[in-house]
Amino acid sequence: MKNVAVVGGGLMGSGIAEVSARAGHDVIVIESNEDAGKAALGRLEKSLQRAEAKGKIDSASAVLARIRVETDLGSVADRDVVVEAIVEDEAAKVALFKQLDQIVEAPDAILASNTSSIPIMKLGVVTSRPTQVIGIHFFNPVPVLQLVELVPSLLTSTDTTERSRAWVEGSLGKQAIDCQDRAGFVVNALLIPFILSAIRMFESGFASAEDIDRGLVLGAAHPQGPLALADLIGLDTTKAVAESLYDEFKEPLYAAPPLLQRMVDAGLLGRKTGRGFYTYA
Ligand code: NAD
């Protein structure tokens with residue numbers, strides 16, 4: 001697989017584009033409009049310059065030269081693998097997979113989703129090639145975290161799963177775990193209820209955000225506390241994943257607490273907007 005497209009150049013999409021270009025792939029990033037495209041390019045430049053300064057890559061500009069940011073979805077026609085990383089919204093993803101199915105020409109191209117919680121089957125069945133639709137779920141920040149969850153639906157072929165594994169492990173240098181097609185897969189099914197419990201604890205006044213996070217960092221050796229992690233993930237994404245888990249399992253532990261809902265309504269989405277449980281410069 002040589003030619004890669006990433007649809008959605010936000011937090012995750014720009015990271016997936018970066019690791020793909022660093023692995024030598026020709027990468028197209030599709031964004032929804034010019035401004036979002038500029039923001040995606042800015043994120044890529046900043047991250048690659050940081051990698052160059054740390055000596056992780058020789059040249060940020062050489063990697064950037066392999067990435068094109070565009071707004072025309074039609075330009076993904078010649079891609080071998082397309083990774084969808086748009087907002088966590090089922091209707092939006094379904095609409096996109098219908099379009100990708102019409103546009104992508106290679107008969108064996110892989111149509112992947114980076115969704116955190118939406119069943120892969122819902123995306124596969126709206127295409128004429130559900131055997132080639134798979135979840136390839138990266139973790140944030142993509143250039144740093146090693147894990148990828150591979151999520152075949154009941155209709156995904158073994159060939160698609162194995163070619164996806166070969167791409168993420170052999171080419172991108174990640175490590176894959178295999179998951180069933182259930183909301184949240186392995187990591188978020190465990191992580192999201194933990195973060196929601198921390199939000200409930202903070203919301204009830206039981207402890208401050210700082211003390212909750214310090215507790216888990218100092219007492220359980222977590223690299224960061226659950227509220228700082230929610231800010232990093234994005235509170236909108238955290239809420240969307242919780243809602244998908246709740247829809248799937250109907251368990252109260254997956255229900256988004258009111259504070260999370262109000263913060264999202266207020267646009268306090270965490271690091272990406274400068275304020276969530278903490279304030280960022
Ligand atoms: P984000 O809001 O940072 O980025 C989404 C991007 O998609 C935005 O830049 C938006 O302009 C663009 N977009 C929306 N609709 C589009 C369309 N139709 N065509 C092209 N671009 C479009 O969100 P994110 O955190 O990068 O999440 C993206 C996906 O990755 C979601 O499915 C999310 O669940 C998943 N994910 C997120 C994390 C995380 O920690 N944030 C981790 C793993 C997976």
Side-chain angles (χ1 to χ4, degrees), residues 5-19 28-44 46-47 68-76 79 82-100 103 111-120 122-123 134-151 168 174 177 179 183-192 195 224 226 228-245 247 256 264 267 269-274 276:
V6 182
V7 186
L11 208 58
M12 295 303 293
S14 56
I16 298 164
E18 176 179 332
V19 296
I28 295 177
V29 177
I30 302 292
E31 256 298 350
S32 41
N33 57 56
E34 295 290 337
D35 284 348
K38 277 191 197 132
L41 196 56
R43 262 188 295 277
L44 278 158
K46 211 165 138 194
S47 177
R68 271 183 292 150
V69 180
E70 299 193 9
T71 53
D72 174 18
L73 191 63
S75 54
V76 309
R79 301 288 105 177
V82 179
V83 184
E84 169 280 309
I86 69 169
V87 281
E88 188 74 346
D89 176 298
E90 187 178 317
K93 287 189 197 282
V94 162
L96 178 63
F97 272 77
K98 282 185 187 163
Q99 284 180 286
L100 290 174
I103 292 169
L111 305 183
S113 175
N114 185 52
T115 178
S116 302
S117 59
I118 294 166
I120 302 305
K122 302 230 181 196
L123 308 177
I134 186 167
I136 301 184
H137 185 228
F138 292 83
F139 286 76
N140 178 29
V142 182
V144 177
L145 291 188
Q146 283 295 296
L147 183 67
V148 171
E149 289 176 325
L150 285 182
V151 191
V168 298
K174 300 291 185 195
I177 61 171
C179 309
F185 316 131
V186 169
V187 173
N188 280 322
L190 295 171
L191 187 59
I192 294 295
I195 289 174
Q224 65 195 324
L229 180 58
D231 276 358
L232 179 72
I233 293 169
L235 299 192
D236 50 346
T237 303
T238 303
K239 173 173 170 277
V241 179
E243 285 170 352
S244 293
L245 283 159
D247 276 356
V264 172
L269 306 183
R271 279 181 184 268
K272 63 182 161 188
T273 57

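By convention here, the first residue in the shown sequence is residue 1. Both counts, for ligands and for their atoms, begin at 1 and track the order of listing.
Residue E88 has at least one nitrogen or oxygen atom sitting less than 3.5 Å from a nitrogen or oxygen atom of ligand 1, judged on distance alone. Looking at H137 next to ligand 1, no N or O pair under 3.5 Å apart turns up. Polar contact with ligand 1: absent for R43 (N/O pair, distance under 3.5 Å). Backbone and side-chain nitrogen or oxygen atoms of L11 are examined, and one is located within less than 3.5 angstrom of a nitrogen or oxygen of ligand 1. Residue contacts with ligand 1: E31 is placed with a nitrogen or oxygen under 3.5 Å of a nitrogen or oxygen of the ligand (distance criterion only).
Between the CZ atom of R79 and the CG atom of L111 there is a distance of 13.5 Å, given to the nearest 0.5 Å. Taking OG1 of T237 as the reference point, atom CG of L269 lies at 8.5 Å (rounded to 0.5 Å). Distance check: K93 NZ to L100 CG gives 11.5 Å after rounding to the nearest 0.5 Å. Going from atom CE of M12 over to atom OG1 of T115 covers 11.0 Å, rounded to the nearest 0.5 Å. One distance of note links CG of D35 with OG1 of T71; it measures 11.0 Å at 0.5 Å rounding. Here the straight-line distance linking atom CD1 of I233 with atom OG1 of T238 works out to 4.5 Å at 0.5 Å rounding.
In this structure, E243 pairs ionically with K239, as a charged nitrogen and a carboxylate oxygen lie closer than 4.0 Å.
Listed by atom number, the atoms of ligand 1 under 4.0 Å from S116 heavy atoms are 33 (C), 34 (O), 35 (C), 36 (N), 37 (C), 43 (C), 44 (C). Set against the non-hydrogen atoms of T115, the atoms of ligand 1 under 4.0 Å away are 32 (O). Atoms of ligand 1 lying under 4.0 Å from at least one heavy atom of I30, given by number and element, are 20 (C), 21 (N). The distance from ligand 1 to the heavy atoms of V7 drops below 4.0 Å at these ligand atoms: 19 (N), 20 (C).
One option in V29, N114, T237, N33 has a heavy atom closer to atom 35 (C) of ligand 1 than any other, and that option is N114.
From the protein, the heavy atom lying nearest to atom 2 (O) of ligand 1 is K272 NZ, 3.7 Å. Nearest to atom 41 (N) of ligand 1 among the protein's heavy atoms is I233 O, 3.0 Å. The closest protein non-hydrogen atom to atom 4 (O) of ligand 1 is G10 CA, 3.3 Å. With hydrogens left out, the protein atom closest to atom 14 (C) of ligand 1 is I86 CB, 3.8 Å, a heavy atom. The protein heavy-atom contact nearest to atom 27 (O) of ligand 1 is M12 CG, 3.9 Å.
At a 4.0 Å cut-off, at least one heavy atom of K93 sits close enough to ligand 1 to count as contact. At least one heavy atom of A85 sits less than 4.0 Å from an atom of ligand 1. A heavy-atom separation below 4.0 Å is not found between L96 and ligand 1.
Checked by atom type and distance alone, the side chain of K122 never pairs as donor or acceptor with a backbone atom of V94 at under 3.5 Å. Looking at E149, its side chain never comes within 3.5 Å of a backbone N or O of H137 through a donor-acceptor pair.
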Practice problem: Report the C-alpha separation of L41 and K38 in whole Å, then their side-chain angles, then the decisive distance to 0.1 Å, and conclude whether the side chain to side chain contact (heavy atoms under 4.5 Å, CB included) test is met. | Solution: CA-CA 5 Å; L41 196 56; K38 277 191 197 132; 5.7 Å; no
Determine whether V168 and F138 satisfy the following criterion, side chain to side chain contact (heavy atoms under 4.5 Å, CB included), listing intermediate values before the conclusion. CA-CA 10 Å; V168 298; F138 292 83; 4.3 Å; yes
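In this structure, L150 and I136 have side chains that are in contact, with non-hydrogen atoms separated by less than 4.5 Å.
Residue contacts with ligand 1 for F138 involve N, CA, C or O but no side-chain atom from C-beta outward (heavy atoms, distance under 4.0 Å).
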